[in-house]
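Below is one structure, written out as structure tokens, with a few remarks after it.
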There are 2 protein chains.
Amino acid sequence: MRQWIDVQRKLLPDLLAIMQKRYEILQHIRLMQPIGRRTLALNLGISERVLRSEVQFLKEQNLLDITAAGMSITSDGHDVLMQLEDMMREVLGLKELERKIKQRLPVADVIVVAGDSDQSPWVKREMGRACVSRIKHSLTGNAIVAVTGGTTLAAVAEMMTPDMKYRDVLFVPARGGLGEDVTNQANTICARMAEKAMGHYRLLHVPDQLSAETYHSIIEEPAIKEVLDLIKSSTIVIHGIGDAKTMAERRKTPPKDMKKIEQNEAVAEAFGYYFNQHGEVVHKVNTVGIQLEDVRHVPCVIAVAGGASKAKAIRAYIKQANRCILITDEGAAKQLVRDDSSL
Amino acid sequence: MRQWIDVQRKLLPDLLAIMQKRYEILQHIRLMQPIGRRTLALNLGISERVLRSEVQFLKEQNLLDITAAGMSITSDGHDVLMQLEDMMREVLGLKELERKIKQRLPVADVIVVAGDSDQSPWVKREMGRACVSRIKHSLTGNAIVAVTGGTTLAAVAEMMTPDMKYRDVLFVPARGGLGEDVTNQANTICARMAEKAMGHYRLLHVPDQLSAETYHSIIEEPAIKEVLDLIKSSTIVIHGIGDAKTMAERRKTPPKDMKKIEQNEAVAEAFGYYFNQHGEVVHKVNTVGIQLEDVRHVPCVIAVAGGASKAKAIRAYIKQANRCILITDEGAAKQLVRDDSSL
DNA sequence: CATAGTGGGACTTTAAACGTCCAGATAGAG
DNA sequence: CTCTATCTGGACGTTTAAAGTCCCACTATG
């Protein structure tokens, strides 16, 4: 396949560009369907007229449907898109990035999607899609999937699709309240993901700020304890990686902790833990649920994070992680490789 | 690879056509270099202007050189062409033909090249090229290669290229005089092939028509006997397959034999043997050299024959052959498959 | 029922591809 | 050495396809 692309690059250089264009069009339509020409053209950054020609072509190929409400993907288009995903990763050199990252960081697997989520918000959803298909890949029987919060995880939940495989899967939030907005809380995302997957889910109703006494008594409540046990025995953990400062600010972090985080030069955050650039824990939010030790024993840990600005955070987290699966984007991946080359 | 082609067919339907066009241009240039635009355009059956555009493009890609004497292939172009050969066989459905033939006829391997040598004479040279690369593939140490005569084998000799592998290879004519023109005789072709390959060769100087006495005494001559022994112990045999009637007419076949061949409904001819449609020998030319029994014990027998008109002959010969390697063209292959489907 | 967003038709502009013709250069034959 | 045939490459008008522009009819949704 590699040589096939190389030959085509020599023999038909601009056709690969056209292929990429059509691929992106299909991809966007799938993402935003039903959608109109103008909106889509604006989104893709191409003229409306050329989009129109392309759309007409794609329609003639039976790859997309076109109704009064807008354009949407046919099942043929869906199939083509599925196969294209793999090829385009190779064409765009994303596989190359994956190889490099695998060489340089201790990860079990890497998937890089095109784009930079710093610049194009929809790239998060592509990471979400990649994450979902990766999960399906390593799903066995009646798994317990623990998920965290964050906008990236929200995107993952949004892209979740129902599947027979999820019939006996249980979704749980990885940890209790971390001080986030309700839309970004693990509970919310867990529920959303389970609904989209047509699977089951349990939630963890523990308030954010508790006195020590209440805390100790509440975790002895049978209803709570049962969920906590499920969480500790989860087989898959899906979590985001945040920039330490951004996360601390977004959460209602007390000034005392804020200072601690800053002074210890934390750069990364994941499920309530803050790491410095060497991957050492410098602070943790006190809450129930899975702990860092527990994570190390989970067979399948998937970290999802993208955008060039998160490269440092990703590197720091990966350093201490136990060969997790990383799902990221082109922006972050390139930055990671660049940083590594300059060291 | 199969799916890659299918997707591209959907997404860029004319891509494969363009690819094929450029492939053919490169192929022809390699075959006829150095060659001018007009001659080439005429040969390819396309307008001179479009050829000019294509050539300009290919030149910019550094795939061909262009001098006052005409156009020729660069080493880059050669590499691309090598890789393309395989891909185009897949694209043009030739691999499909190969699969079908392998299913239906008792052959060890089949290679089908594009075109029909009945209509385009240069297709024989393509078969020649395919044959040469196939030989190299199954060449071991100091092999002895026996070759027959015929226009197709002449094309094989013409396409032979020198290679380190041929250093210890010995070329010999498979059989003595069969009544052909000197240009199509096994001796001539054997010498030509060996020269092109930079290998060694021995010839068999035995006149066509001999009395029984002379015959028996000549084969006892040490010089002759040595060559005959080499022939009998050859490790590779390359031969053509002819239409029985055509071959009989081309050779100075005596009326008596002619009648015998016709009455027994011979359809195929190979190294002096005539076969009917069931693969049974109905006549043989009396001469020294390898015999049909000997051929059965040669580890690698390669039959080269193309053109739709030869399909019947190929089928008949293959029926009695002991899992040989067949090198043919699209015209013959399609006819073979068609005949087989209608049975 | 109004409005924002949709597809699609029609026309003009622009660029690329193509057909055609010819001049200058070069290799090979005589 | 000369002559001729063949080669490339430039020039220019023509054709055809793509892209820009504007507008209209329709429809889903609030």
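Bear in mind the structure is a predicted one, so any value in this text is a computation, not a measurement. Chain identifiers are assigned alphabetically (A, B, ...) following the order of the sequence lines, protein sequences preceding nucleic acid strands; residue numbering begins at 1 within each chain. Side chains are part of it too, since the values below use all heavy atoms of this structure and drop only hydrogens, waters and symmetry mates.
Regarding A/Q56, its CD atom lies at a distance of 13 Å from the P atom of D/dA17, rounded to whole Å. Atom CD1 of A/I18 is separated from atom C1' of D/dA18 by 12 Å (rounded to the nearest Å). Here the P atom of nucleotide C/dG19 and the CD atom of B/E48 are 10 Å apart, to the nearest Å. With rounding to whole Å, A/L64 atom CG is found 15 Å from C/dT6 atom P. Following rounding to the nearest Å, A/I66 (CD1) and D/dA28 (P) show an atom-to-atom distance of 15 Å. One atom, CE of A/M32, and another, P of C/dG5, lie 13 Å apart when rounded to the nearest Å. The interatomic distance linking A/R37 (CZ) with C/dG9 (P) rounds to 10 Å, in whole Å. Taking atom NZ on A/K59 and atom P on C/dT6, their separation rounds to 16 Å, with Å as the unit.
Each of A/I238, A/N187, A/V156 was scored for a side chain to side chain contact (heavy atoms under 4.5 Å, CB included) with A/V147, with one residue passing: A/I238.
For A/D118 (side chain) and A/A308 (main-chain N/O), a donor-acceptor pair under 3.5 Å exists by modelled atom type. Put simply, the side chain of A/E330 never gets that close to the backbone of A/D116: no donor and acceptor are under 3.5 Å apart. When atom types are taken as modelled, the side chain of B/S117 and the backbone of B/K124 share no donor-acceptor pair closer than 3.5 angstrom.
Side-chain N/O atoms of B/S47 include one lying less than 4.0 angstrom from OP1 or OP2 on C/dG19.
Side-chain atoms of B/R52 and base atoms of C/dG19 include no donor and acceptor less than 3.5 Å apart.
Distances were taken from every side-chain heavy atom of B/V50 (C-beta onward) to each of D/dC7, C/dC18, D/dG9; the shortest belongs to C/dC18. You'll find that the side chain of A/T39 is closest to C/dG5, out of D/dA19, C/dG5, C/dA27. Listed nucleotides: C/dG8, C/dC22, D/dA19. Nearest to the side chain of B/R38: C/dC22.
Residue order along DNA chain C, read from the 5' end via each residue's closest nucleotide, puts A/G70 first among A/R49 and A/G70. Nearest-nucleotide assignment on DNA chain C puts the 5′-proximal partner with A/I35, out of B/E54 and A/I35.
Of the charged side-chain nitrogens involved, at least one lies within less than 4.0 Å of a carboxylate oxygen, so that A/E158 and A/R192 count as a salt-bridged pair.
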